[in-house]
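Presented below is the structure to which this report refers.
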Amino acid sequence: MHAPHPAPADETLRTALAGLLDGLPPRQAARAVERLIANYRGRTPTDAPVLRDRSDVAAYAAYRMPATFEAVRAALAAFRARVPDWTPASHIDIGGGTGAASWAVAAAWPDGGHTTTVLDWAEPALALGRELAGQADSEALRGARWQRRAIGDGLALPDPTDLVTVSYVLGELTEADRHAVVDEAARTARAVVLVEPGTPDGFARVREARDRFTAAGLTLVAPCPHGAACPIEPGADWCHFAARVSRSSLHRQVKGGSLPYEDEKFSYVAAVRFPAAPAPSRVTRHPQIRKGQVLLDLCTADEGLTRRTVTKRQGPLYRAARDTVWGDSWPPAED
């Protein structure tokens, strides 16, 4: 008999998260999430945890982990498209909390073979992350190390580390700690993928990290098509993308509405310290499909921000443009 195929990481994660809320009254979970949304991101020094106990962590994880997982998974997919033959042997998740990014790494490389270490200052988050990972099919997750560590100046990572992820972390740090974390990731990582909320502030932090990565000698591979100065005028616009997230009953309780999904907006940058090439250009907005033509807003290596019109006369390229989505590289044949 053939061994059963392991369940996809997203399904396993959803099942594990649903179990967290067993016995926790729905209104209590919703109130905890509302409080944490108001206070958690960007306003709390790292020595004063807002996630006070297991019920806090469980509610917040059930609410936020699916969105973080999908955003990091989307960033990793864009990264892997540029380095399809590369596989990490070691992974460190800085400020990983309950481990959403580590689940995304396990989904990106499902055959395992890599070790994962999650670093975070909040012991309740690490404990819950370890509990959730114990239910995973991935050997890398089940065997992950969960280490309490101050995230900021003084953070020291093993050198070298193949892959470092930093997701939804920088907004919680002071400027000095933010620079220290980014610089340490750049120093030790063969590849680093950094993800922040898809807001103007989140993009500003990603842009700052992008500049520090290039200054440290890393090569940008996604989403940027080049390592020169970002062509976006600061304050006028921001670079972000979207990942579709299935909404749980807890999401609907907190946010209202009846749609079974929502789109998580995120900004990201991926950089490497080995030979690799970025995409020639990146689709930065939803393509506009009109009669006989598709309008693509692109960030390009040679022309900066530009708009391309692909017409029906262009045959295969037009058909490819109709299938292209926000965040894809262009032209598709280059992937």
Side-chain angles (χ1 to χ4, degrees), residues 67-82 104 167-168 171 193-211 214 220-247 257 259 261-271 277-335:
T68 302
F69 169 84
E70 294 294 354
V72 177
R73 180 160 71 165
L76 287 171
F79 164 71
R80 291 184 65 221
R82 307 316 309 168
S167 61
Y168 293 80
V193 177
L194 187 150
V195 184
E196 282 286 300
T199 62
D201 286 346
F203 170 61
R205 293 188 291 270
V206 168
R207 183 177 185 148
E208 180 183 65
R210 174 192 189 274
D211 292 344
T214 57
L220 304 182
V221 292
C224 312
H226 58 80
C230 176
I232 295 176
E233 180 184 346
D237 201 355
W238 70 100
C239 178
H240 65 290
F241 304 94
R244 178 123 318 166
V245 185
S246 297
R247 299 179 83 206
L259 286 176
Y261 63 85
E262 64 181 12
D263 289 328
E264 171 72 8
K265 305 292 177 60
F266 67 97
S267 294
Y268 77 100
V269 64
S281 61
R282 183 75 55 180
V283 179
T284 58
R285 292 284 184 275
H286 285 297
Q288 299 180 41
I289 300 178
R290 298 181 180 174
K291 187 174 181 180
Q293 61 183 15
V294 180
L295 307 182
L296 298 177
D297 289 305
L298 302 173
C299 182
T300 69
D302 299 327
E303 303 173 67
L305 300 174
T306 188
R307 173 170 284 186
R308 296 271 168 79
T309 300
V310 184
T311 67
K312 200 169 186 178
R313 295 175 184 171
Q314 292 172 272
L317 197 63
Y318 170 73
R319 290 191 291 274
R322 287 183 61 89
D323 292 335
T324 294
V325 299
W326 180 18
D328 281 355
S329 58
W330 182 262
E334 296 291 335
D335 270 350

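- Scanning all heavy atoms of the two residues, the minimum distance from Gly198 to Trp238 falls at O-NE1, 3.1 Å.
- Among residues two or more places apart in sequence or in another chain, the side chain to side chain donor-acceptor pair (under 3.5 Å) test is passed with Glu208 by Arg178, His179.
- Note that CH2 of Trp326 is 5.0 Å distant from NE2 of His286, once rounded to the nearest 0.5 Å.
- For Phe79, the ring-ring contact (aromatic ring centres under 6.0 Å, His included) criterion is met by Trp86, not counting sequence neighbours.
- Atom CZ of Phe241 is separated from atom CG of Asp263 by 14.0 Å, given to the nearest 0.5 angstrom.
- Taking CG from Leu194 and CZ from Arg210, the interatomic distance works out to 13.0 Å, rounded to the nearest 0.5 Å.
- Within the 4.5 Å cutoff, the side chain of Val195 has heavy atoms near those of the Tyr168 side chain.
- Ser246 contributes atom OG, which lies 7.0 Å from atom CD of Glu70 (distance to the nearest 0.5 angstrom).
- Between Leu305 and Ile232 the shortest side-chain heavy-atom distance falls below 4.5 Å.
- Shown here are the salt bridge (Lys or Arg N to Asp or Glu O under 4.0 Å) partners of Asp211, two or more places apart in sequence or in another chain: there are none.
- The OH atom of Tyr268 lies 8.0 Å from the SG atom of Cys224; values are rounded to the nearest 0.5 Å.
- The distance from the CZ atom of Arg244 to the CD atom of Glu262 is 10.0 Å, given to the nearest 0.5 Å.
- Residues meeting the ring-ring contact (aromatic ring centres under 6.0 Å, His included) test with Phe203, sequence neighbours left out: none.
- Counting only distance, with no hydrogens or angles, the side chain of Arg290 and the backbone of Leu295 share no donor-acceptor pair below 3.5 Å.
- Sorted by first then second residue, the salt bridge (Lys or Arg N to Asp or Glu O under 4.0 Å) pairs that include residues 227-238, not counting sequence neighbours, are Asp237-Arg285.
- For Thr300, the side chain to side chain contact (heavy atoms under 4.5 Å, CB included) criterion is met by Ser281, Leu298, Glu303, Thr306, Arg308, not counting sequence neighbours.
- When side chains are defined from C-beta on, Phe69 does not count as touching Glu264, because their heavy atoms never get closer than 4.5 Å.
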